[in-house]
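The next block holds one structure in the form of structure tokens; read it before the comments.
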Amino acid sequence: MRLQSDILVLGSGIAGLTFAIKAARKHKDRSILVLTKTVEGESNTRYAQGGVAAVWDLEKDNFDKHIADTLDAGDGLCKTDIVKIVVEEGPERVREIIEWGARFDKEKNSTEYDLAREGGHSEHRILHYKDLTGWEIQRTLMEEAAKYPNIKVLEHYYALDLITQHHLGRMIIRVTPDIECYGCYALNKENGEIDTLLSRVTILCTGGGGQVYKSTTNPVIATGDGVAMTYRAKGRVENMEFMQFHPTSLYNPAGENPSFLVSEAVRGHGGILKTAEGEEFMQHYDPRLSLAPRDIVARAIDSEMKKRGTDCMYLDCRHLDKDDFVAHFPTIYEKCLSIGIDPMVNMIPVVPACHYMCGGIKVDDHGRSSIHRLYAAGECSSTGLHGANRLASNSLLEALVFADRIAHDIDEKLEGWSFQDGIPDWNAEGTTDPKEMVLITQGMKELREIMSYYVGIVRSNVRCQRALDRLYLLYKETEELYRTTAVSPQLMELRNLITVAYLITRSASHRRESRGLHFTTDYPDQLPFIEHSVL
Ligand code: FAD
Ligand code: SIN
């Protein structure tokens, strides 16, 4: 099937839906197609717990403080102009989703918002809805998007590849200056057909790629598809070595994918990191103790676990008021109980898990990628806000701000972009149905082992080289499968994750210093010379 839509949005999380709503309001006569690989409500967004950071209480807080905290967490690699944009435009964007119906918790018997604090923030500035902020935002956006007849959401549609001049037979390389995107090929998972979706402009909002590691807080949809598609289309990707590990996922000996997150807001609320013997240890790492930025806390936990040979460390909440804890963190409380941990009686066992991709598709201050007519927003993009380490709760904010900026940017350009003629349909010649799915599932297992052992929280030259050698083998085997087998989401996800793994590892081997989330034993210090790793 061939489908034409003026605007094609890949992804229905906070970035995709916010953009679609904004575009639909501005361009009532334009068709907007939103693709999502499972159901509309399944996204990283839906699992966000802590909340959205925004300067709100102007008596105590101000833009300069939020900017300084973001720059400090980003460890010298943030783009200051982008940090300023996001922090200053952020509160207005949050106000908009409140107008659309998003509920954030208020203080008891008050009309004032109950602002929480998380690691790296010097003030209380996190708006939240219990520990279900993402669920509330996803609900709001889905309800708002449903009001616009020019937005159509296609569920169970898997975007496979971006369409560029390559599909017209032109030779494209990474430095080709005028690459253009004309839409994408997508697999309709319900009937197995591959459709050609043509558009005037395409917005990638495909989220992160945490599934590249064995242990991650990201849902199984987070397979870095947008980054891999852009890289295959010869677009620019940057700062991929900065994969953020959240310090406190719930340690569950039974193992689960995704790992359950114990929000940083629990530490903001008074939870204290301790050893199994009940001793505090963060004083050995940072004066901000349990509320130091994430990279520092995750490395501290990792280091203590390695020193002691233990599987986890602990978060002590036993001193906190039970009613207050349950009111703020009902989901975390219930989840802990479900595995036999009563947070009011037992310390919560925690372990770092991959959580967020700070790098991604390189975009400018209006979300434009290096490929014309292709924009990116949300976790799949690299705007320069996060630098070498994202400040807690800045991700939802960034997605809101950039979705809005892109909607403005396409305003006058849309008319000038026409549908491209001559695009061929997907060529599946010479492929047969997969005979052994186990080749794909085993490949996925190996990939995650490689990344977790060699390119995790602590890296080295030897580890990165080992990872690259093993990834190359996996790459060759998987490309052979791709050449001969009919495409399936499982095969494409493996392919995409191998690309993401390669980008992380190559950027990590290039960075001959330790900075933010990238720590290597070969170069434990920072160099005065800072650069972004663009691939
Ligand atoms: P997502 O919300 O992940 O949406 C991606 C969309 O793309 C999905 O709809 C998916 O189906 C679709 N998609 C992907 N690939 C394809 C494809 N090939 N074809 C079609 N569709 C595709 N950030 C904060 O700021 N505050 C928090 O409190 C917070 N808590 C978090 C807690 C958890 C457990 C996790 C995992 C993350 C948290 N984050 C938080 C990070 C934040 O939630 C994400 O970075 C953000 O929601 C990403 O939004 P997005 O719109 O970019 O992507
Ligand atoms: C959390 O609630 O700890 C996650 C916040 C974030 O990822 O920004």
Side-chain angles (χ1 to χ4, degrees), residues 8-19 34-54 116 118-121 126-129 131-135 137-138 141 153-162 184-187 189 197 203-211 216-229 244 246-249 258-268 294 329 331-332 353-358 360 376-381 386 390-400 402-403 489 492-493 496:
L8 176 61
V9 184
L10 305 184
S12 61
I14 186 168
L17 289 182
T18 306
F19 167 79
V34 180
L35 242 57
T36 188
K37 70 196 227 186
T38 60
V39 289
E40 189 182 358
E42 181 62 351
S43 59
N44 267 7
T45 300
R46 185 234 171 284
Y47 297 95
Q49 290 186 357
V52 51
E118 291 177 355
H121 287 274
I126 323 285
L127 290 112
H128 61 95
Y129 175 74
D131 53 4
L132 285 167
T133 311
W135 176 89
I137 291 177
Q138 185 78 39
L141 295 176
V153 179
L154 288 182
E155 295 186 321
H156 303 291
Y157 251 86
Y158 186 100
L160 300 171
D161 258 324
L162 298 171
C184 79
Y185 293 112
L187 171 71
K189 288 162 69 180
L197 308 183
I203 324 295
L204 283 168
C205 304
T206 46
Q211 286 289 326
T216 176
T217 61
N218 291 188
V220 295
I221 55 123
T223 54
D225 298 348
V227 169
M229 283 192 281
Q244 183 171 72
H246 197 291
T248 59
S249 79
S259 302
F260 182 81
L261 181 73
V262 180
S263 174
E264 195 153 314
V266 174
R267 277 173 283 139
R294 261 178 213 176
F329 309 111
T331 323
I332 295 171
C354 178
H355 182 64
Y356 185 83
M357 188 170 76
C358 292
E379 191 167 338
C380 69
S381 68
H386 310 308
R390 174 177 68 98
L391 182 67
S393 289
N394 263 359
S395 167
L396 297 172
L397 189 73
E398 179 195 45
L400 291 174
F402 271 83
M492 291 308 287
E493 286 180 347
N496 291 339

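Counting starts at 1 for both ligands and their atoms, following the listed order.
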Return a yes/no value for [X]: is any of its N or O atoms, backbone included, closer than 3.5 angstrom to an N or O of ligand 1?
X      : value
Tyr47  : no
Glu379 : yes
Ser12  : yes
Leu10  : no

Which one of [options] has a non-hydrogen atom at the shortest distance from [atom]?
atom                    : options                        : result
atom 8 (O) of ligand 2  : Gly120, Ser393, Ser263, Gly50  : Ser393
atom 47 (O) of ligand 1 : Thr45, Leu204, Leu127, Leu187  : Thr45
atom 4 (O) of ligand 1  : Ser43, Pro219, Gly16, Cys380   : Ser43
atom 6 (C) of ligand 2  : Arg294, Glu264, His128, Gln244 : Arg294

Please write down residue, atom name and distance for the protein heavy atom closest to [atom].
atom                    : answer
atom 42 (C) of ligand 1 : Ser395 OG, 3.6 Å
atom 10 (C) of ligand 1 : Ile221 CD1, 3.8 Å
atom 51 (O) of ligand 1 : Ala15 N, 3.0 Å
atom 35 (C) of ligand 1 : His355 CE1, 3.5 Å
atom 15 (N) of ligand 1 : Asp225 OD2, 3.2 Å
atom 16 (C) of ligand 1 : Lys37 CD, 3.4 Å
atom 11 (O) of ligand 1 : Thr36 OG1, 3.1 Å
atom 40 (C) of ligand 1 : Ala48 CB, 3.9 Å

Side-chain donor-acceptor contact under 3.5 Å, Thr223 with Asn496: no
Residue part near ligand 1, for Thr223, under 4.0 Å between non-hydrogen atoms: neither
Counting heavy atoms under 4.0 Å, the part of Glu42 that contacts ligand 1 is backbone
When you measure from the heavy atoms of Leu261 to every atom of ligand 2, does any distance fall below 4.0 Å?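 Within the 4.0 Å threshold, so yes.
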If the contact criterion is a heavy-atom separation under 4.0 Å, does Ser395 count as touching ligand 2?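 No, Ser395 has no heavy atom closer than 4.0 Å to ligand 2.
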Before signing off on this row, confirm whether Asn394 and ligand 2 have an N or O atom pair separated by under 3.5 Å.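 Min N/O separation from ligand 2 is not below 3.5 Å for Asn394.
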So is Leu391 polar-close to ligand 2, meaning N/O to N/O under 3.5 Å?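 No; the residue has no nitrogen or oxygen that sits under 3.5 Å from a nitrogen or oxygen of the ligand.
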With the threshold set at 4.0 Å, does a side-chain nitrogen-carboxylate oxygen contact exist between Lys37 and Glu493? yes
